[in-house]
Amino acid sequence: MMTGNRTECEAVVRRLWPHLDGALSDDEREWITRHLEGCVDCRSHFDFGRAFLEAVTAAHDGEDVAPGLREKVLAALAREGFSSQPG
Amino acid sequence: MTTSLVSMPATVSRSGSDARSRDEAFAAIALPLLPAITRLARALAGNAADADDLVQETYLRAFRYWHSFTPGTDCRLWLARICRNALHDMRRRESREIATEDAELESLASARVHTAAVAAGLGDMYARVDLRPAIRSAIAQLDPVFRDVVVMSDVEGFSYEEIAEAAGIPIGTVRSRLYRGRRQLQESLMTYALDAGFATAARSRSPQNDDR
């Protein structure tokens, strides 16, 4: 199913990343949202972009500080005069 | 350990109570952000050893310049800015400008990557394939000019404005670097999925043999 309006589709897809980043003005965002509701092709591009962004975020979830790094940092700070034991 | 810590002249001689309240504030505000800064450093530095040095350097600088942190502002962003500056000093790398291109063209390019992925049977690759290791490795292989911006945006969730401020570049440059970096990531992930044979699996899948 196509909307058949290639010029509008191109203008919408040009705003793919700023739209997904929430960086558009209210007017532009509403216009894009309305277009996507009626245009399967454009919507699939945006869905793919969103899935990509979520995958990048998820790829770094649950990373924690390496064992020993915290102690290393604290030791270096202590040489600068930092005391983690207040009082 | 190699040290880029050119020793700073002792700034001000502080009374004991000044030093204590400084240390308490630093421990309460900056230290809890260690996991976030470690994650940032890992993504920026590209390898674990450099990342550890970078975390340490970031915290040393943060401690030395703690007096310039404004209480109540976003300490994570402040530390991220220090981290990025420290990395650049460590690498002594000139940050080179890419030709300023219409950032919107990169959005169109990403849509073409999607079209190619659909044609290859990979339209649902993000739902179907565990790409986490591939994503981390693809980010590590990005040109640092793009990686810095992609990591700050897509791993750490900073806004265009925050990245522009932290990286000292105009917002237009943030956008063009970010979008190009994303497109390069998308292309390498698609190459990975193709090489790993996931496209073939998609084509051979049919409703009849889903009952394993």
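The shown structure was predicted, so the numbers you read here are calculated from the model rather than taken from an experiment. Chain naming here is simple, since letters A, B, ... match the order of the sequence lines and numbering starts at 1 in each.
Between B:Leu60 atom CG and A:Arg79 atom CZ the span is 8.0 Å, to the nearest 0.5 Å. Here the CD atom belonging to A:Glu80 is positioned 12.0 Å from the CZ atom belonging to B:Arg61, to the nearest 0.5 angstrom.
Between A:Val73 and B:Gln56, the closest heavy-atom pair is CG2-CA, 4.1 Å. Of all the heavy atoms in B:Arg39 and A:His60, the pair that sits closest is CD-O, 3.6 Å. Closest approach of B:Ser107 and A:Val13 over heavy atoms only: CB-O, 3.2 Å. Taking both residues in full, the closest heavy atoms of B:Tyr126 and A:Ala55 are given as CD2-CB, 3.7 Å, listed atom of the first, atom of the second, then distance. The two residues B:Asp23 and A:Ser83 make their nearest non-hydrogen contact at OD2-N, 2.8 Å. Heavy atoms only, all atoms of each residue included: B:Glu106 and A:Trp17 are closest at O-NE1, 4.0 Å.
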**Request:** Could you walk me through whether A:Leu53 and B:Arg182 pass the side chain to side chain contact (heavy atoms under 4.5 Å, CB included) test, one step at a time?
**Result:** CA-CA 9 Å; A:Leu53 292 180; B:Arg182 284 175 178 170; 3.4 Å; yes
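Between B:Tyr160 and A:Pro18 there is a side-chain heavy-atom pair separated by less than 4.5 Å. Using a 4.5 Å cut-off on side-chain heavy atoms (C-beta onward), A:Asp21 and B:Arg175 make no contact. Between A:Phe52 and B:Leu185 the shortest side-chain heavy-atom distance falls below 4.5 Å. Using a 4.5 Å heavy-atom cutoff, the side chains of B:Asp53 and A:Lys72 are in contact.
Interface remark: of the candidates A:Cys42, A:Ala75, A:Gly49, A:Gly81, A:Gly81 forms the most heavy-atom pairs closer than 4.5 Å to chain B. Between chain A and the residues B:Met125, B:Glu156, B:Gln186, the most heavy-atom pairs under 4.5 angstrom are made by B:Gln186. With chain B as partner, the option from A:Leu16, A:Leu77, A:Leu20 having the largest number of non-hydrogen pairs under 4.5 angstrom is A:Leu77.
Looking at B:Leu189, only its side chain comes within 4.5 Å of chain A, counting heavy atoms on both sides. For A:Leu74, the part sitting under 4.5 Å from any heavy atom of chain B is the side chain, from C-beta outward, and nothing else. With a threshold of 4.5 angstrom between heavy atoms, B:Ala117 approaches chain A through side-chain atoms but not through N, CA, C or O. Of the atoms belonging to B:Leu131, not a single heavy atom falls under 4.5 Å from chain A.
Side-chain atoms of B:Arg132 never come within 3.5 Å of backbone atoms of A:Ala58 as a donor-acceptor pair (strictly under, hydrogens ignored).
By the side chain to side chain contact (heavy atoms under 4.5 Å, CB included) test, A:Glu28 pairs with A:Arg15, A:Leu24, A:Ser25, sequence neighbours left out. Qualifying ring-ring contact (aromatic ring centres under 6.0 Å, His included) partners for A:Phe82, counting only residues two or more places apart in sequence or in other chains: B:Phe26, B:Phe63.
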